[in-house]
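Notes to accompany the following structure.
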Amino acid sequence: MKRINLLTKYSVIFLAAFLISFIFLSRITDVSNETLLVYSVFSFVFYLITMTFIYKEVNMPLNKIFNLSGQLKLRDEDYDSPEYFDSKISELNNLMDDLERMKSGSVLNKEIFRIINEIHSIAGRTLHELETAKVFKINRNEFMGNVAHELRTPIFAIQLSLETLIDGAINDEEVNMDFLKRAFNQTSRLKELVDDLISISKFETGVKMSKRYFRISNVIQKTAEELRALAGKKNIEIKIETSDDPEVTVFGDEQRLQQVLVNLIDNAIKYTAGNGSICISQDIKEKEVIVRIEDSGIGIPQKDLKRIFERFYRVDKTRSRDIGGSGLGLSIVKHILEAHSSRINVESEINKGTKFEFSLKR
Ligand code: ADP
């Protein structure tokens, strides 16, 4: 079916109606020529007023809506260019302003107002999606950059040690073992980093927890025992203040919560100087158990406290790299606790120590 412009269609209908009525008046009824002239002039004026009305109320806003809605189109191929997001976001913001102005205009009829409202809400949703996609893209790029950077450091160190051995150090009894150990230590670091990356990607895609009731004090004891040797190397004492009451159980994924304790106690050991101390305690409340890990270590500056749970965030980048660690430990802790509807709190004072605290449902 051929589509015709509304104004053309109306003009044809009007002309046909005018001719029929004119012929009827002049031939069948006995109307004077002056009356026919007045009738024709009135009809023409009526035609002009109606046309102007249709044009202003329907054609003009519909044309404008058509032109504006073209801005809603998103092209997949442009998603790779960083400028695309910013230009499209500002284009959509302008579109929303234009639609807002049209909505507040006075000549709009009800149907057109509804169309504008609908396009306005579609534009709003598209804008929101675009902003989310932009943040996602920035995060992904930043994450990829961080991963590459973190992987490069141990790989480079391994390569250097092996190169030195190949270049002759292999035959030097005094240093060959040293270079081999260095390379081996860096492979452990690589493994730790890859394991943490796998954990992070699992948690971020929503891994299922296997929750049941268990005694958290047992897990605290077990974890502390496993890490006591590491603490012993720095002459750090690990104190445990937990209740032996068999009634005190918490509801959660035992293995994952042990990972939380390992990460927090391991950090406490890493960031506490020799001869310091670490205390792991619990507070038993009516509906929850609060677990606390306190150390007498170097502390964290106030300005960094909010950011230490971000992926790869380190307070002191050079020092942390020397100490080891992927920079993902606390991010993993946060994910696991969130999956238990719990949050981790941290308080710290420089050169006095740090206290991490979280609660678990009983
Ligand atoms: P990392 O692998 O570098 O330890 P984490 O995510 O576990 O990464 O910790 C992030 C940063 O928070 C660390 O680099 C360190 O600067 C700081 N941090 C974490 N725990 C402690 C602590 N107990 N004492 C002092 N600083 C800490």
Side-chain angles (χ1 to χ4, degrees), residues 139 142-143 145-154 157 185-204 220 223-224 226-228 230-231 233-240 256-281 291-338 343-358:
N139 282 347
E142 205 177 294
F143 182 68
N146 279 328
V147 171
H149 187 80
E150 295 295 330
L151 288 173
R152 202 174 54 180
T153 316
N185 288 342
Q186 291 299 330
T187 58
S188 310
R189 199 167 158 186
L190 264 182
K191 185 183 174 299
E192 187 192 335
L193 178 63
V194 172
D195 285 347
D196 281 354
L197 282 170
I198 292 170
S199 299
I200 279 277
S201 79
K202 268 193 204 155
F203 293 129
E204 295 197 350
I220 293 175
T223 316
E226 281 171 16
L227 291 169
R228 216 178 271 284
L230 189 68
K233 280 188 195 164
K234 287 173 82 180
N235 213 11
I236 294 171
E237 184 194 4
I238 300 186
K239 287 184 266 182
I240 300 172
R256 309 273 186 215
L257 289 170
Q258 183 173 14
Q259 196 178 351
V260 167
L261 287 167
V262 169
N263 289 6
L264 292 175
I265 302 171
D266 184 55
N267 273 352
I269 298 170
K270 273 195 303 197
Y271 301 106
T272 298
N275 302 322
S277 69
I278 296 167
C279 179
I280 309 154
S281 57
V291 180
R292 207 172 289 120
I293 293 110
E294 286 176 88
D295 63 55
S296 62
I298 55 171
I300 303 166
Q302 287 299 312
K303 67 172 176 47
D304 295 299
L305 283 180
K306 268 202 197 111
R307 302 202 56 194
I308 54 171
F309 299 97
E310 289 173 21
R311 294 179 307 202
F312 297 114
Y313 189 82
R314 290 176 170 116
V315 173
D316 181 339
K317 291 181 178 51
T318 42
R319 190 193 59 199
S320 292
R321 275 206 192 96
D322 294 341
I323 294 174
S326 62
L328 293 169
L330 288 181
S331 177
I332 292 172
V333 164
K334 184 171 158 249
H335 276 297
I336 297 176
L337 291 175
E338 272 170 5
R343 275 181 53 142
I344 181 145
N345 292 316
V346 54
E347 284 171 29
S348 190
E349 219 177 307
I350 292 291
N351 295 330
K352 287 256 167 71
T354 306
K355 177 169 86 179
F356 285 95
E357 205 176 76
F358 59 91

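Start at 1 and go down the list; that is how both ligands and their atoms are numbered.
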**Q.** side-chain contact (heavy atoms from CB on, under 4.5 Å) partner of Ile280, the single match among Asp295, Leu264, Thr223, Ile293
**A.** Ile293

Q: Please name the residue in the list Ile220, Asp266, Val333 that meets the side-chain contact (heavy atoms from CB on, under 4.5 Å) test with Leu261.
A: Ile220

Counting both backbone and side chain atoms, is some N or O of [X] under 3.5 Å from an N or O of ligand 1?
{"X": "Leu330", "result": "yes"}
{"X": "Asp316", "result": "no"}
{"X": "Ser331", "result": "no"}
{"X": "Gly299", "result": "no"}

Q: Check each atom of ligand 1 against the heavy atoms of Ile308 and keep those under 4.0 Å away; list them by number with element.
A: 10 (C), 12 (O)

Q) Counting each atom of ligand 1 from 1 as listed, which ones have a heavy atom of Lys270 under 4.0 Å away? A) 1 (P), 2 (O), 4 (O)

Q: Give a yes/no verdict on whether any heavy atom in Gly297 is under 4.0 Å from an atom of ligand 1.
A: no

Q | Ile300 to ligand 1, any heavy atom closer than 4.0 Å | A | yes

Without swapping roles, check the side chain of [X] against the backbone of [Y] for a donor-acceptor pair under 3.5 Å.
{"X": "Arg314", "Y": "Ser326", "answer": "yes"}
{"X": "Ser348", "Y": "Gly299", "answer": "no"}
{"X": "Arg311", "Y": "Ser331", "answer": "no"}
{"X": "Lys234", "Y": "Thr272", "answer": "yes"}

Q | Leu264 and ligand 1 - part of the residue with a heavy-atom distance under 4.0 Å | A | neither

(Q) Side chain, backbone, both or neither: which applies to Val315 and ligand 1 if a contact is any heavy-atom pair less than 4.0 Å apart? (A) both

Q.
With side-chain contact (heavy atoms from CB on, under 4.5 Å) as the criterion, how do Leu190 and Gln186 come out once you've worked through the C-alpha distance, each side chain's angles and the decisive distance to 0.1 Å?
A. CA-CA 6 Å; Leu190 264 182; Gln186 291 299 330; over 6 Å; no

Q: Report the relative orientation of the aromatic rings in Phe309 and Phe356; use parallel for angles under 30°, tilted for 30 to 60°, perpendicular for over 60°.
A: perpendicular

Q: Check each of Tyr313, Tyr271, Phe312 against atom 25 (C) of ligand 1 and report the one with the nearest heavy atom.
A: Tyr271

Q | Shortest heavy-atom approach to atom 2 (O) of ligand 1 - which of Pro301, Ser348, Gly327, Gly329 | A | Gly327

